[in-house]
Amino acid sequence: SSSLPLVLNTWPFKNATLAAWQTLLSGGSALDAVESGCAVCEREQCDGSVGFGGSPDELGETTLDALIMDGTVMNVGAVGDLRRIKNAIGVARKVLEHTTHTLLVGESATIFAESMGFINEDLSTSASEALHSNWLARKCQPNHWRNVVPDPSKHCGPYKPPGISVLNEPTHKVTGDLHGHD
Amino acid sequence: TIGMVVIHKLGQTAAGTSTNGIKFKIHGRVGDSPVPGAGAYADDTAGAAAATGDGDILLRFLPSYQAVEYMRNGEEPTVACQKVISRIQKYYPNFFGAVICANVIGSYGAACNRLPKFTHFTFMVYNSLKNHPTVEKVDCI
């Protein structure tokens, strides 16, 4: 324990490390340090893999995931597929502190975030929009589909499982006999 | 993705992650990052860990929980991280992933899965033995 306190983080995101360390020096808890360190990367869009304006999904939207865990009382707050809120780790901290839940997801997590005072705003930027339009121009390559038609290694979607009849055909036999039932 | 582990001078541990996921994901996809035990895990009685990489694969193996449990059983942080990477390698030899690990006395380590274009993993450390945030590197296994 001679080397404590300790801040350790993936990738050379130095500003995040520094922010966490300074939080500890100014009397913050380990939880405060994790939140402030990760929030730096959300603001600075660390290598494009954190925060707004990165990794657009197939529809071009940037969605965020974040987690914060307190190892003293094993309490956790997390958000998944968070939409239109920039400070994902801040929302995760509110889940930890103001709910008995662990993980909130999607549009509902956005509504929770707004109730906690976070701003609902577009997470796209010209960079993420360019990424997405280039992807479309490259016939949606690469993508995360498999075992579907059309061939996902050559075409954009929409996709469906091979061999399935066109969806608007009824998936059961219509007899018209209203008494033929079990 | 940033994964972070913090151990307070009084021994309290915390861990966290933040990410915008992978490019061109299917709408609604969530990876390992927000899942406790996958993206990150902390337990004052054993240590803390965090993972980064192909979240669809990592999520299935709960790497940070597993690394903390290895440290609970006495493994050094580097070995704990390496054992987690090895577990995944058996099923997905070409997965992209790395794990950082720290035990309750402040020892730390990391490990990653070697790929042709991913031969070492860079992470940040700041503790009371250093006077600034320090970049460290591990060779992948």
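In the text below, chain A, chain B and the rest are named by the order of the sequence lines, each starting its count at 1. We use all heavy atoms of the structure for the numbers below, so side chains are in, but hydrogens, waters and symmetry mates are not.
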**Message:** So for B:V99, is it side chain, backbone, both, or neither that comes closer than 4.5 Å to the heavy atoms of chain A?
**Reply:** neither
**Asked** Among A:D70, A:L59, A:N15, who wins on heavy-atom pairs under 4.5 Å with chain B?
**Response** A:L59
**Prompt:** Is the number of heavy atoms from other residues, nucleotides or ligands within 6.0 Å of CD1 (A:I119) greater than 12?
**Reply:** no
**Prompt:** Do NZ/NE/NH1/NH2 and the carboxylate oxygens of A:D32 and A:R93 come within less than 4.0 Å?
**Reply:** yes
**Message:** Less than 4.5 Å to any heavy atom of chain B: does that hold for the side chain of A:T102, its backbone, both, or neither?
**Reply:** side chain
**Among the listed options B:S33, B:A48, B:P36, B:G21, the residue most often paired with chain A at heavy-atom distances under 4.5 Å** = B:P36
**Asked** When only pairs under 4.5 Å are counted, which of A:L131, A:I89, A:L67 shares the most heavy-atom pairs with chain B?
**Response** A:L67
**Flag if over 12 foreign heavy atoms under 6.0 Å of NZ, B:K130** = yes
**Prompt:** When only pairs under 4.5 Å are counted, which of A:S49, A:G53, A:A66 shares the most heavy-atom pairs with chain B?
**Reply:** A:S49
**Contact origin within B:A40 toward chain A - heavy atom pairs under 4.5 Å** = both
**Item:** Side chain / backbone / both / neither for A:L31 at chain B, heavy atoms under 4.5 Å
**Value:** both
**Asked** Do A:V40 and A:F13 touch side chain to side chain, with heavy atoms closer than 4.5 Å?
**Response** no
**Request:** Could you tell me whether the side chains of A:T10 and B:T52 share a donor-acceptor contact shorter than 3.5 Å?
**Result:** no
**Request:** Using the side-chain hydrogen bond (donor to acceptor under 3.5 Å, both in side chains) rule, collect all pairs that involve residues 103-112 of chain A, keeping only residues at least two apart or in two chains.
**Result:** A:R83-A:E107
**Proximity breakdown for B:Y41 and chain A, heavy-atom pairs closer than 4.5 Å** = both
**Request:** Under 4.5 Å, counting heavy-atom pairs only, tell me which of B:N20, B:D44, B:I100 racks up the most with chain A.
**Result:** B:N20
**Asked** Pick from A:G37, A:G51, A:G106, A:A88: which one has the most heavy-atom pairs with chain B under 4.5 Å?
**Response** A:G51
**Asked** Which residue out of A:T72, A:I68, A:D81 racks up the most heavy-atom pairs below 4.5 Å with chain B?
**Response** A:T72
**Request:** Find out whether B:C81 and B:V84 are in side-chain contact, i.e. whether some heavy atom of one side chain is under 4.5 Å from a heavy atom of the other.
**Result:** no
**Asked** Going by the angle between their ring planes, with limits at 30° and 60°, are A:Y159 and A:W145 parallel, tilted or perpendicular?
**Response** tilted
**Prompt:** Looking at B:A102, B:A46, B:P34, which makes the most heavy-atom pairs under 4.5 Å with chain A?
**Reply:** B:P34
**Contact class of A:M74 relative to chain B, heavy atoms under 4.5 angstrom** = side chain
**Message:** Parallel, tilted or perpendicular, judged at 30° and 60°: which one describes the rings of B:F118 and B:F96?
**Reply:** perpendicular
**Asked** So, A:D65 and B:T19: side-chain donor and acceptor under 3.5 Å apart, yes or no?
**Response** no
**Asked** Do A:N9 and A:T17 have a side chain donor and acceptor closer than 3.5 Å?
**Response** yes
**Asked** In terms of heavy-atom proximity below 4.5 Å to chain B, should A:V79 be classed as side chain, backbone, both, or neither?
**Response** backbone
**Asked** A:A20, A:C38, A:A78: which one forms the most heavy-atom pairs within less than 4.5 Å of chain B?
**Response** A:C38
**Prompt:** So what's closer than 4.5 Å to chain B heavy atoms on A:T63: side chain, backbone, both or neither?
**Reply:** both
**chain B contact via A:L64 - which portion, at a heavy-atom distance below 4.5 Å** = both
